[in-house]
**Q** 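Structure incoming, see below.
Both backbone and side-chain heavy atoms feed into the values below; hydrogens, waters and symmetry mates do not.
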Amino acid sequence: MPTRQLAIVIDAADPDALRDFWVEAMGYEPHGSAGVYRSATPPPGADGPKLVFQRVDDPRTSTKNRLHIDIVVGDEIETETDRLVDLGATRVGDLVEEVGTRWIVLADPEGNEFCLVYDT
């Protein structure tokens with residue numbers, strides 16, 4: 001199995017402001033935007049996960065996940081979904097297609113949601 005790129009997705013009321021904060025805090029660079037999403041990446045030559053800030057209308061609560069992991073798997077979304085379900089994950093929803101990419105939401109064995117994505 002190839003090593004996978006990691007993207008951390010953070011729910012935000014104001015994704016632009018939150019991205020600006022993390023860019024300054026981490027020494028990252030703004031990477032791009034699409035729809036309700038903004039992203040930041042390490043500067044060239046530096047390692048680290050991509051950060052994606054997703055605008056959501058619902059506020060943070062004690063039961064709402066505001067941070068989750070995206071695992072970039074390219075065209076292997078269905079194959080990887082099956083593999084992870086065999087390892088104990090639960091498929092939470094159907095394939096979603098939005099802003100030029102697609103993903104499937106799963107939950108790990110303790111119920112923490114994460115996404116398998118074509119591209120972030």
**Q** Quick one: do Glu76 and Arg83 make a salt bridge, cutoff under 4.0 Å?
**A**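 No, no charged N to carboxylate O under 4.0 Å.
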
**Q** Report the C-alpha distance between Tyr28 and Lys50 in whole Å, list the side-chain angles of each, state the deciding distance to 0.1 Å, and finish with yes or no for side-chain contact (heavy atoms from CB on, under 4.5 Å).
**A** CA-CA 9 Å; Tyr28 272 38; Lys50 182 179 196 178; over 6 Å; no

**Q** Ile69 and Tyr118: same hydrophobic cluster, using ILVMFWY side-chain contacts below 4.5 Å?
**A**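 Yes, one cluster joins them.
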
**Q** Any idea which heavy atoms bring Gly32 and Arg19 closest together, and the distance?
**A**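 In this case the closest contact between Gly32 and Arg19 is O-NH1, 3.1 Å.
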
**Q** Work out which heavy atom in Pro49 is nearest to a heavy atom in Pro42; give both atom names and the distance.
**A**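 Scanning both residues, the minimum pair turns out to be O-CD, 3.9 Å.
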
**Q** Measure the spacing between CG of Asp108 and CG of Leu87 and express it to the nearest 0.5 Å.
**A**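 Going from CG on Asp108 over to CG on Leu87, the span is 11.5 Å.
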
**Q** Does Asp94 CG have over 12 foreign heavy atoms under 6.0 Å away?
**A**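 For Asp94, atom CG is not crowded (no more than 12 foreign heavy atoms under 6.0 Å).
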
**Q** Give a yes or no on this: more than 12 heavy atoms of other residues, nucleotides or ligands lie within 6.0 Å of atom CG of Asp58.
**A**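 Enclosed: over 12 neighbouring heavy atoms sit under 6.0 Å from CG of Asp58.
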
**Q** Is any side-chain heavy atom of Ile104 closer than 4.5 Å to a side-chain heavy atom of Glu78?
**A**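 Of all side-chain heavy-atom pairs linking Glu78 with Ile104, at least one is under 4.5 Å.
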
**Q** Report the distance from atom CG of Asp14 to atom CZ of Arg38, rounding to the nearest 0.5 Å.
**A**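 It comes to 9.0 Å.
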
**Q** Of all heavy-atom pairs between Gln54 and Val9, which one has the smallest distance, and what is that distance?
**A**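 Heavy-atom minimum between the residues: OE1-CG1, 3.9 Å.
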
**Q** Of all the heavy-atom pairs spanning Pro109 and Gly88, show the shortest one and how long it is.
**A**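 In terms of heavy atoms, the two residues are closest at CG-O, 3.7 Å.
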
**Q** Under the side-chain contact (heavy atoms from CB on, under 4.5 Å) criterion, do Leu84 and Phe114 qualify, and how do the steps go?
**A** CA-CA 11 Å; Leu84 294 176; Phe114 64 97; 3.9 Å; yes

**Q** Is Leu106 reachable from Ile71 through a run of hydrophobic residues whose side-chain heavy atoms are each under 4.5 Å from the next?
**A**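 Yes; tracing contacts between hydrophobic side chains, which count when under 4.5 Å, links both residues.
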
**Q** Find out if a path of hydrophobic residues (ILVMFWY) with successive side-chain heavy-atom gaps under 4.5 Å connects Val36 to Val56.
**A**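 The answer is no; the residues belong to distinct hydrophobic clusters.
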
**Q** Listed by chain and number, what are the salt bridge (charged side-chain N to carboxylate O under 4.0 Å, His left out) partners of Asp75, not counting sequence neighbours?
**A**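 Asp75 satisfies salt bridge (charged side-chain N to carboxylate O under 4.0 Å, His left out) with Arg102 only.
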
**Q** Taking the side chain as every heavy atom from C-beta outward, state whether Arg4 and Val73 have any pair of such atoms under 4.5 Å apart.
**A**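 Yes, their side chains come closer than 4.5 Å.
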
**Q** Distance check, rounded to the nearest 0.5 Å: Asp119 atom CG versus Asp70 atom CG?
**A**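 CG of Asp70 is found 10.0 Å from CG of Asp119.
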
**Q** Roughly how far apart are Thr81 OG1 and Asp86 CG, rounded to 0.5 Å?
**A**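 Separation between the atoms: 11.0 Å.
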
**Q** Do you know the tightest heavy-atom contact between Ala107 and Val92?
**A**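 Ala107 and Val92 have their closest heavy atoms at N-CG2, 3.7 Å.
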
**Q** Would a single hydrophobic cluster contain both Trp103 and Val72, if residues Ile, Leu, Val, Met, Phe, Trp and Tyr are joined by side-chain heavy-atom contacts under 4.5 Å?
**A**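 Cluster IDs for Val72 and Trp103 match.
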
